[in-house]
Amino acid sequence: ARVRRQWEARYALRPVLVAARDLAAGETLADGDLARRQVPAGFLPSGTLAADEAARALGQRLAVPLRAGDPLGESALEARLPALSRRLPE
């Protein structure tokens, strides 16, 4: 029973945001750039944005390129604040 629960959790489908097309680093995300897909939980990187979190991504710039179908994670988005090292006085 335990193994079955682990298997079901790993392969349970999760609605997430993916790139609708190939996207270059530096592009600002607009509505047509993202799609919603069902992906098995065990194949998702940590930080992947859920399908209902599109508002968090729209208007943000990509820090890395994404290929069509790649899950969109928080780490793919440029930081809104400057890096800590740029904010500290020397």
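Put simply, the side chain of Val39 does not reach to within 4.5 Å of the side chain of Arg14, judged on heavy atoms. Residues Leu72 and Val18 fail the side-chain proximity criterion, which asks for heavy atoms closer than 4.5 Å.
With respect to the salt-bridge test (charged N to carboxylate O, under 4.0 angstrom), the residues Glu27 and Arg21 qualify. Contact check on Arg56 versus Glu53 returns a salt bridge, with a Lys/Arg side-chain nitrogen under 4.0 Å from an Asp/Glu carboxylate oxygen.
Geometric assessment of Arg10 against the ring of Phe43 yields a positive cation-pi assignment under the 6.0 Å and 45° thresholds.
Pairing each heavy atom of Ala68 with each of Asp22, the nearest pair is N-OD1, 2.8 Å. Taking both residues in full, the closest heavy atoms of Ala63 and Ser75 are given as CB-O, 4.4 Å, listed atom of the first, atom of the second, then distance. In plain terms, the two heavy atoms of Val16 and Leu44 that are nearest each other are CG1-CD1, 3.7 Å.
Note that CZ of Arg2 and CZ of Arg4 are 15.5 Å apart. Values are rounded to the nearest 0.5 Å. Considering CG of Leu77 and CG of Leu29, their distance stands at 6.5 Å, rounded to 0.5 Å.
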Item to complete: Run the numbers on Leu49 and Leu34 for side-chain contact (heavy atoms from CB on, under 4.5 Å), then give the verdict.
Response: CA-CA 11 Å; Leu49 296 179; Leu34 302 175; over 6 Å; no
Practice prompt. Go through the steps to decide whether Leu62 and Glu78 satisfy the test side-chain contact (heavy atoms from CB on, under 4.5 Å), and finish with yes or no.
Written response: CA-CA 6 Å; Leu62 281 177; Glu78 286 186 356; over 6 Å; no
Fill in: Intermediate values then yes/no, side-chain contact (heavy atoms from CB on, under 4.5 Å), Leu17 and Arg36
CA-CA 5 Å; Leu17 293 173; Arg36 290 163 177 80; 4.1 Å; yes
